[in-house]
Q: 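Okay, here's the structure, questions in a sec.
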There are 2 protein chains.
Amino acid sequence: MSANPIIDERARRVLTAIIETYVETGEPVGSRPLTKKHGFNLSPATIRNIMADLEDLGLLTQPHTSAGRVPTEKGYRYYVDACIGAGDAFKERLTEETQYHLESVRKDASAIVQDVTQELSRSSSQLSVAVAPRFLKSRLSRVELVPVRGATVQAVVISEEGIVRNMLLDLNEPYTSKHLRRISGYINRHLAGYTVREARERVINQVLEHKAAYDTLMAEAMRVGQVIMERQSEDRIFVEGVSEALQRLKFRSRDALRDLFRAIEDKHLMIQVFNMVEEMESGVQVIIGSENPVGEMHDCAMVASPYLREGRVIGTIGVIGPVRMHYPSVISMVDRTARFLTRVFSQEEGGAAADGHIGKP
Amino acid sequence: MSANPIIDERARRVLTAIIETYVETGEPVGSRPLTKKHGFNLSPATIRNIMADLEDLGLLTQPHTSAGRVPTEKGYRYYVDACIGAGDAFKERLTEETQYHLESVRKDASAIVQDVTQELSRSSSQLSVAVAPRFLKSRLSRVELVPVRGATVQAVVISEEGIVRNMLLDLNEPYTSKHLRRISGYINRHLAGYTVREARERVINQVLEHKAAYDTLMAEAMRVGQVIMERQSEDRIFVEGVSEALQRLKFRSRDALRDLFRAIEDKHLMIQVFNMVEEMESGVQVIIGSENPVGEMHDCAMVASPYLREGRVIGTIGVIGPVRMHYPSVISMVDRTARFLTRVFSQEEGGAAADGHIGKP
DNA sequence: ATTAGCACTCATTCTTATCGAGTGCTAAAA
DNA sequence: TTTTAGCACTCGATAAGAATGAGTGCTAAT
């Protein structure tokens, strides 16, 4: 990860300096100004030679013959991989605020992620996106059915970690409370303790076994169980900080910007990207420009990290920003944020999944 | 509403023609092209005279001395008030699709509004916003408490219309299911049948009466009731169609665009605007440019309409677009959409508030 | 009351010239 | 062998001028 052997230390320092001043100014950086600002003990001419080498390696380009140098995507990639020291001065700042916001009012799992996403967008001044925790690997603890009216019931689904999801669903016919308890009883008996994935299989087996449903309630229970399982695995995506994004993301054309948002609004595309991040598994991932599988996102970079519960990935959070962004600080913020979510979802004491602390006066 | 006496019929026709071609082309419209396209039996010179009159009235301007005319905000206002016939050819189109989408999968109240907002954004190709139904005037039917873990419970709140809301909350201490039933029993006994507003008062009175809470459960119940009431009145705002908006909303500066989104992301400001719409009460409202109380929205227009349940306003839905927008069609779409929501929330049969029809194969 | 004609205005577009930051290359210095 | 100084060259960006043409206002004729 650290020492990339292609170029020597000096060239690396130059590359870093170029990228960092380019990120700052947004303008192609020339050799003379670079020597002024940075304390290299080298003349512009020497810098130019190094620049030429870096250009041969494909890490820099010139927009036109007589302009300064601009980093290429490959250049950013190299910079991110090899030039950013692990320990930087950007690590403070985030956590206190975030924690503060979360501690003050308790939320359910999705709301926590949404809040944190918003927080991340604010602190990074960037568009921020996340997928809500998925409970595919979470173990079901209990299901309660609350009659609403007619054949409609509200299902309250609780995982072993005390994470709650709600869904409205229609039964085949109105049942009495007593019958509803029977139905949820069936479900709890057969599915409690299993992950959503396992439970789904069990439901299917049960349905097959009891094809000629000997008990209407049992059949209803199985059907309800199935719907619940299907809904459980649905993904929910949060997008926060549109206004921040508008400020930062300068695009070739306005249409490109619109296409980006179209892509972001398209669940499937985002899921695709998030999956990519999760497959890597090793903390913060940086996806630069055309590395992104989604074409509409070729003009921007994404910094994202999965967050875990008990060692398993349950979701992803990250930011989308211009390729020309301040990676060290953003990477650090995303890392912190993902770790924070991991901590929240892993801590055992029940508070993490509650919404609405009744204030004691 | 219809006949505004300031200008005569012919001038009105000219104004309408100018605004409509301007909306179409986006360029100042001159006298000669206007006579070509439209079948006025008048020469350019005459049109110019009429234009000059309209300019004196403040309904038109010229960007510079020798350009065509452009409508002023006042011009749009006059056009909207006096020139748009009530019946137009734009009334078809929306309803079928929307209904289709809603009928296929059932949702809870907020989700319905969110879906419809998205639909409105798509069909109008505009940024679309809405406030979720507020139940301040809705009557409470029942509250159920489902234990989650420890002292955390999930409250399922059901209104008399079968509309459901969920919230997690922490009790003072863990209670058994039996005790929880007692607590919800108290709440249901004291608050069922009252509107949120009335219930809130009752809670306060109850608390005062039983200051030296003779029953812990009772005290807990009252506290829970209070929290539920407070949460019930919270507003939730939906914003859909950012990508559409980016396409349409051309702004003086990009900063102005960002400011607009900042304003939209600011709940309080949006609520302020929505309140304005609701106070008018008479169907679709058009807020043009600087008529908007929110400064950041001076560069765009908003077309919005409250939606009702049983004659009472419970929320608002609308679109935000450029001042230069095709008002007749947008007004019609917003109107249709609001009426649709009104119908959905007013229809008695229980389906409208259900989420998750269990498909019969 | 309407229209034709004409002089005038002024944003837009195109051309041309200038400027200057920055490079590459070569030859000298270290 | 590496670094530096010097110089010619490139090319975007800016500015100034000239031509274009759509559109108006005004006046006089219909």
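Reminder, nothing fancy here: chain letters follow the sequence lines and each chain counts from 1.
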Q: Enumerate donor-acceptor pairs with a distance under 3.5 Å from any side-chain N or O in residues 42-51 of chain A to protein atoms, sequence neighbours excluded.
A:
unit_1 : atom_1 : unit_2 : atom_2 : d
A:S43  : OG     : A:A45  : N      : 3.4
A:S43  : OG     : A:T46  : N      : 3.4
A:S43  : OG     : A:T46  : OG1    : 3.3
A:R48  : NH1    : A:S31  : OG     : 3.2

Q: Distances for protein N/O vs nucleotides 26-30 of chain C N/O pairs under 3.5 angstrom?
A:
none

Q: Kindly write out the residues that satisfy ring pair (Phe, Tyr, Trp, His ring centres under 6.0 Å) with B:F261, not counting sequence neighbours, or none if the list is empty.
A: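 In terms of ring pair (Phe, Tyr, Trp, His ring centres under 6.0 Å), with neighbours along the sequence ignored, B:F261 is linked to no residue.
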Q: Tell me: CD of B:E55 to P of D:dG23, nearest whole Å?
A: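 It is 15 Å, rounded to the nearest whole Å.
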Q: Which residue pairs pass the ring pair (Phe, Tyr, Trp, His ring centres under 6.0 Å) test with at least one member in residues 16-35 of chain A, sequence neighbours excluded?
A: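 Of all non-adjacent pairs touching residues 16-35 of chain A, none passes ring pair (Phe, Tyr, Trp, His ring centres under 6.0 Å).
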Q: Enumerate the residue pairs fulfilling side-chain hydrogen bond (donor to acceptor under 3.5 Å, both in side chains) with a member in residues 55-70 of chain A, sequence neighbours excluded, ordered by first and then second residue.
A: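 Counting only pairs at least two positions apart or across chains, the side-chain hydrogen bond (donor to acceptor under 3.5 Å, both in side chains) contacts touching residues 55-70 of chain A are A:E55-A:R69.
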Q: Test of understanding: with salt bridge (Lys or Arg N to Asp or Glu O under 4.0 Å), list the residues that count as partners of B:E20, not counting sequence neighbours.
A: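 Applying salt bridge (Lys or Arg N to Asp or Glu O under 4.0 Å) to B:E20 gives none.
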Q: Which residues satisfy the side chain to side chain contact (heavy atoms under 4.5 Å, CB included) test with A:S290, sequence neighbours excluded?
A: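 Once residues adjacent in sequence are excluded, the partners of A:S290 under the side chain to side chain contact (heavy atoms under 4.5 Å, CB included) criterion are A:E73, A:H298.
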Q: At under 4.0 Å, does any side-chain N or O of A:R69 touch on OP1 or OP2 of C:dG22?
A: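 No, because none of the side-chain N or O atoms of A:R69 sits under 4.0 Å from OP1 or OP2 of C:dG22.
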Q: Quick one: what's the B/S/- string for nucleotides 1-14 of chain C, heavy-atom cutoff under 4.0 Å, read 5' to 3'?
A: -SBBB---BBS---
Q: What salt bridge (charged side-chain N to carboxylate O under 4.0 Å, His left out) pairs are there with at least one residue in residues 24-41 of chain B, not counting sequence neighbours?
A: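 The answer is B:E24-B:K37.
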Q: Of the residues in residues 15-33 of chain A, which ones touch DNA chain D at a heavy-atom distance under 4.0 Å?
A: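 Contacts with DNA chain D under 4.0 Å: none.
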Q: Can you name the residues that form a side chain to side chain donor-acceptor pair (under 3.5 Å) with B:E265, not counting sequence neighbours?
A: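 For B:E265 the side chain to side chain donor-acceptor pair (under 3.5 Å) partners, ignoring immediate neighbours, are A:S243.
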Q: According to side chain to side chain contact (heavy atoms under 4.5 Å, CB included), who are the partners of B:Q118, at least two apart in sequence or on a separate chain?
A: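 B:Q118: side chain to side chain contact (heavy atoms under 4.5 Å, CB included) contacts with B:R122, B:E240.
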